There are 2 protein chains.
Amino acid sequence: MQTRLKNRKEQIVSLALELLKSKGFENFSYQDLAKELGITKASIHHHFPKKADLGVALCAAIQEWHKRAFAKITLADNSAMDKLEAYINGLLGFACGQSKVCPLSSLQADVASLPEEMKKALKKLDEHELTFIADILEQGRANNELMFKGSAQHQALLFVLTCKGALQYSRVHGGSIIDDAIAQTKAQLLG
Amino acid sequence: MQTRLKNRKEQIVSLALELLKSKGFENFSYQDLAKELGITKASIHHHFPKKADLGVALCAAIQEWHKRAFAKITLADNSAMDKLEAYINGLLGFACGQSKVCPLSSLQADVASLPEEMKKALKKLDEHELTFIADILEQGRANNELMFKGSAQHQALLFVLTCKGALQYSRVHGGSIIDDAIAQTKAQLLG
DNA sequence: GTCTATAAATGGATAGAC
DNA sequence: GTCTATCCATTTATAGAC
């Protein structure tokens with residue numbers, strides 16, 4: 001509940017994260033942030049002189065979010081499928097019905113115009129996420145709970161592409177497409 | 001070879017399509033087009049008064065591209081896997097090593113700010129593509145060439161999400177991630 | 001930390017001459 | 001079809017007062 005007692009800097013990052021998920025990094029402005037927060041653009045420049053600074057802070061916020069969410073999932077003494085479901089629910093939690101996508105998908109879409117520092121951060125975040133999913137898959141296969149061929153890293157890639165791609169498609173085709181994609185993926189992994 | 005004899009209007013659409021694939025619809029400007037073509041912004045406004053007009057023309061160009069590519073693949077008397085590979089090669093043809101993605105992925109990323117007409121066109125294009133892939137998958141399953149559970153439409157969704165998602169990821173992680181994703185998908189379908 | 005004011009650049013768009 | 005010229009809004013960014 002400490003989320004209610006955020007300082008201004010955290011408020012800015014938090015709102016910018018929402019706009020990143022709905023519009024993408026290049027398509028929200030300091031004006032958007034200022035209007036919503038009831039302050040001026042200049043105030044935001046005080047906290048983040050250049051937009052690239054805000055972008056780096058956004059990447060750090062996503063990293064923090066991953067860290068907490070992944071730790072919570074890892075510690076829960078659940079089946080591999082339960083963990084995958086928890087991951088999916090984490091992704092959907094901020095997106096469902098709101099036309100938002102994974103923030104990393106948004107950053108990938110704008111990669112051509114991102115500052116170098118953000119590209120590097122994005123790459124690390126993606127890799128961290130893929131390794132997290134690969135570990136769950138490997139555990140599930142060792143348990144005879146999940147079935148798949150090849151390396152867990154490669155299977156993790158398919159899983160993550162499916163989840164994030166489904167979110168993107170849902171903005172055009174409605175939320176049911178997410179259910180379809182998730183159900184089909186689960187059916188495959190259960191053999 | 002008639003591509004060399006394009007009139008200006010076609011040149012504009014052709015270049016805009018490239019910029020769409022690399023930067024997204026909201027992130028290329030009439031100025032970008034004008035500079036590259038060696039004409040002024042006003043000339044482009046003559047052909048496409050508003051950017052939304054250009055956007056609609058882009059959707060039509062993509063539809064035309066689909067029509068040709070899908071017809072060619074359908075008519076070839078090949079296995080289902082050959083057809084899937086031809087589809088993948090079509091996607092990769094414009095993207096590989098150039099940091100470009102599927103134009104429909106680019107449009108999806110910007111869907112929050114697209115004019116209504118483009119959203120409708122995008123939806124139709126997506127559906128057409130999914131049905132095309134679903135038909136190939138169904139044919140392959142009927143032949144005992146491919147193996148998968150559930151409906152061909154749902155499996156087609158996974159396949160398309162994987163191909164396009166891999167392209168997006170490759171801009172950050174390099175082209176090898178495409179090979180990994182495609183290989184893993186093929187292995188699954190071959191049972 | 002927040003404001004006013006302003007700069008400098010860019011993007012979409014139009015009018016009218018050639 | 002293309003140009004020059006111009007308009008207006010927006011965006012990023014800075015300076016300096018409170």
Side-chain angles (χ1 to χ4, degrees), chain A residues 4-59 61 106-107 109-119, chain B residues 4-59 61 106-107 109-119:
Chain A
R4 289 198 179 274
L5 302 164
K6 281 183 295 204
N7 63 29
R8 188 107 289 175
K9 204 164 182 176
E10 287 167 340
Q11 278 178 23
I12 294 168
V13 170
S14 176
L15 175 57
L17 193 53
E18 295 310 304
L19 292 174
L20 173 64
K21 290 185 285 188
S22 53
K23 306 178 64 176
F25 186 71
E26 298 294 333
N27 288 315
F28 75 81
S29 66
Y30 274 37
Q31 206 171 20
D32 296 330
L33 295 168
K35 197 174 291 178
E36 178 85 16
L37 292 173
I39 55 178
T40 61
K41 289 192 290 174
S43 289
I44 302 181
H45 278 287
H46 167 74
H47 295 285
F48 303 100
K50 318 241 166 187
K51 203 179 178 188
D53 299 322
L54 176 55
V56 169
L58 280 172
C59 291
S106 283
L107 291 173
D110 281 345
V111 76
S113 42
L114 292 184
E116 201 56 40
E117 213 174 343
M118 289 181 70
K119 283 189 208 170
Chain B
R4 289 198 179 274
L5 302 163
K6 281 184 294 205
N7 61 30
R8 190 108 284 179
K9 203 164 182 177
E10 287 167 339
Q11 277 178 24
I12 294 168
V13 171
S14 175
L15 175 58
L17 192 54
E18 295 310 303
L19 292 174
L20 172 64
K21 290 185 285 187
S22 53
K23 306 178 65 177
F25 187 71
E26 299 294 334
N27 289 315
F28 76 81
S29 66
Y30 273 37
Q31 209 170 19
D32 295 330
L33 295 167
K35 198 174 291 177
E36 178 85 16
L37 292 173
I39 56 179
T40 60
K41 286 196 292 175
S43 288
I44 302 181
H45 279 287
H46 167 74
H47 295 284
F48 302 100
K50 318 243 166 184
K51 203 180 178 189
D53 300 322
L54 176 56
V56 169
L58 280 173
C59 291
S106 282
L107 291 172
D110 281 345
V111 76
S113 42
L114 292 185
E116 202 55 41
E117 213 174 342
M118 289 181 70
K119 283 189 208 171

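Each chain gets a letter, A, B and so on, in the order its sequence line appears, and its residues count up from 1. Since this is a predicted model, take the numbers as computed values, not measurements.
By the side-chain contact (heavy atoms from CB on, under 4.5 Å) test, A:Gln31 pairs with A:Ser29, A:Lys41, sequence neighbours left out. Residues passing the side-chain contact (heavy atoms from CB on, under 4.5 Å) test with A:Glu36, sequence neighbours excluded: A:Leu15. For the side-chain contact (heavy atoms from CB on, under 4.5 Å) test, residues two or more places apart in sequence or in another chain that qualify with B:Thr40 are B:Ala42, B:Ser43. Listed by chain and number, the residues in a side-chain contact (heavy atoms from CB on, under 4.5 Å) with A:Ala109 are B:Ala109 (sequence neighbours excluded).
In this structure, B:Lys51 places its NZ atom 15 Å from P of C:dT14, rounding to the nearest Å. Atoms CG (B:Asp53) and C1' (C:dG12) sit 12 Å apart, rounded to a whole Å. Rounded to whole Å, atom P of C:dG11 lies 12 Å from atom CD1 of B:Ile44. Counting to the nearest Å, the P atom of C:dA13 and the NZ atom of B:Lys50 are 6 Å from each other.
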Between the protein and nucleotides 1-5 of chain D, which nitrogen or oxygen pairs come in under 3.5 angstrom?
{"residue": "D:dT2", "atom": "OP1", "partner": "B:Arg8", "partner atom": "NH1", "Å": "3.3"}
{"residue": "D:dT2", "atom": "OP2", "partner": "B:His47", "partner atom": "NE2", "Å": "2.9"}
{"residue": "D:dC3", "atom": "OP2", "partner": "B:Thr40", "partner atom": "N", "Å": "2.7"}
{"residue": "D:dC3", "atom": "OP2", "partner": "B:Thr40", "partner atom": "OG1", "Å": "3.0"}
{"residue": "D:dC3", "atom": "OP2", "partner": "B:Ser43", "partner atom": "OG", "Å": "2.9"}

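Interface residues of residues 25-34 of chain B facing DNA chain C, ordered by number: B:Phe28, B:Ser29, B:Tyr30, B:Gln31; criterion, heavy-atom separation under 4.0 Å.
Sequence neighbours left out, not one pair with a member in residues 43-58 of chain A passes salt bridge (charged side-chain N to carboxylate O under 4.0 Å, His left out). Applying the salt bridge (charged side-chain N to carboxylate O under 4.0 Å, His left out) definition to pairs two or more places apart or across chains, those involving residues 13-27 of chain B are B:Glu18-B:Lys21, B:Glu18-B:Lys100, B:Lys23-B:Asp32. Applying the ring pair (Phe, Tyr, Trp, His ring centres under 6.0 Å) definition to pairs two or more places apart or across chains, those involving residues 36-55 of chain A are A:Tyr30-A:His45.
Although no hydrogens or angles enter the test, the distance criterion places no donor-acceptor pair under 3.5 Å between the side chain of A:Asp110 and the main chain of A:Ser113.
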